[in-house]
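What you see is a predicted model, and the numbers here were worked out from it, not measured in a lab. Naming: A, B, ... by sequence-line order, numbering from 1 per chain.
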Number of protein chains: 2
Amino acid sequence: MDDDKVFKTLADPSRRKLLDSLCDHNGQTLSQLCAALEMTRQSVTQHLGLLEDANLLSTTRKGREKLHFINPIPLYEVYERWIRKFEEGRLSLLHDLKTQLESDQP
Amino acid sequence: MDDDKVFKTLADPSRRKLLDSLCDHNGQTLSQLCAALEMTRQSVTQHLGLLEDANLLSTTRKGREKLHFINPIPLYEVYERWIRKFEEGRLSLLHDLKTQLESDQP
DNA sequence: CCATCATGCAGGTATTCACCTGCCTTTCTT
DNA sequence: AAGAAAGGCAGGTGAATACCTGCATGATGG
């Protein structure tokens, strides 16, 4: 997985909104997804392209429609590699801070 | 908390590297943090400024030095609001996909 | 005190990015 | 078959951003 791609893709509020919309109702078409976003269909296409490129969603053609499905795995990997790491170090970090602050006092 | 700020701040690999470095060794000075990043001190200052603005780290002055400490809370909140949500829907999403694919078959 | 070290502040630039408009192809419906 | 509906492709623009150079300030140690 490309960490960087996932983070950069999640950086845009419109793209997060798209994921959100798909989480409510998975398998939507482009036109359906456009309804939530007050921007051009072409712009939404670009955003969806980036999301697919980051492997955050996958698509299926069905006749003239294109259906979009969330792929939750990269999000979970981001959690595993990034957030859990800091969570584990949480208590020791707080301890470091306490020690540091105390060393300022006479 | 400003979700958007946190996501945008995490989007840059240099800033993630800084957080990583602080996770290994909390309470580093600016100069120490510069060592890991092959870029100008001034650029690192900008990155640290953004991280602090997103509340991902806090600082303390100690004489002429400025010490940097990670704040793991926003990361945890991102997990709570974003990643856990998709994780919970994971099984049902896979079910939706399965149903969708099956409806393509005759 | 004065040289040095750690940091702050102010532009300057080149790339990236998030939008848009305009036009074309494919599929469905009647 | 013809119009409508869904989507694809290309190029263009303005704002954001990630760097940089150059100079100023405050703390420390001999």
**Q** Pairing donors with acceptors under 3.5 angstrom, does anything connect the side chains of E52(A) and S58(A)?
**A** no

**Q** Provide, to the nearest angstrom, the distance between the CG atom belonging to D53(B) and the P atom belonging to dT17(D).
**A** 12 Å

**Q** Measuring only between side-chain heavy atoms, which start at C-beta, is L37(A) closer than 4.5 Å to V44(A)?
**A**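 In short, these two side chains touch, coming nearer than 4.5 Å.
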
**Q** How close or far is atom P of dA6(D) from atom CZ of R64(A), stated in whole angstroms?
**A** 6 Å

**Q** For L67(A) and dA6(D), what is the distance between atoms CG and C1' respectively, to the nearest whole Å?
**A**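 To the nearest whole Å, that distance equals 12 Å.
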
**Q** When the distance from CD of E38(B) to P of dC19(D) is rounded to whole Å, what number comes out?
**A** 12 Å

**Q** When you measure from the side-chain N and O atoms of S31(B) to the phosphate of dT7(C), is any distance below 4.0 Å, counting only OP1 and OP2?
**A** yes

**Q** Grab the CD-P distance between Q32(A) and dA5(D) for me, whole Å please.
**A**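 To the nearest whole Å, that distance equals 15 Å.
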
**Q** Who are the side-chain hydrogen bond (donor to acceptor under 3.5 Å, both in side chains) partners of S31(A), not counting sequence neighbours?
**A**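 Residues passing side-chain hydrogen bond (donor to acceptor under 3.5 Å, both in side chains) with S31(A): none at all.
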
**Q** Looking at K8(B) and D4(B), is there a salt bridge between them, counting it only when a charged N and a carboxylate O are closer than 4.0 Å?
**A**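 A salt bridge links D4(B) with K8(B).
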
**Q** Would you call the rings of Y79(A) and Y79(B) parallel, tilted or perpendicular, taking 30° and 60° as the class edges?
**A**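 Geometry flag for Y79(B) against Y79(A): parallel rings.
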
**Q** What does the B/S/- profile of nucleotides 8-19 of chain C look like, 5' to 3', with a 4.0 Å heavy-atom cutoff to protein?
**A** BB--------SB

**Q** When the distance from CG of L48(A) to P of dG7(D) is rounded to whole Å, what number comes out?
**A**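 Checked: the CG to P distance equals 10 Å.
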
**Q** Looking at OG1 of T45(A) and CG of L50(A), how far apart are the two atoms once the value is rounded to the nearest 0.5 Å?
**A**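 Interatomic distance, T45(A) OG1 to L50(A) CG, rounded to 0.5 Å: 11.0 Å.
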
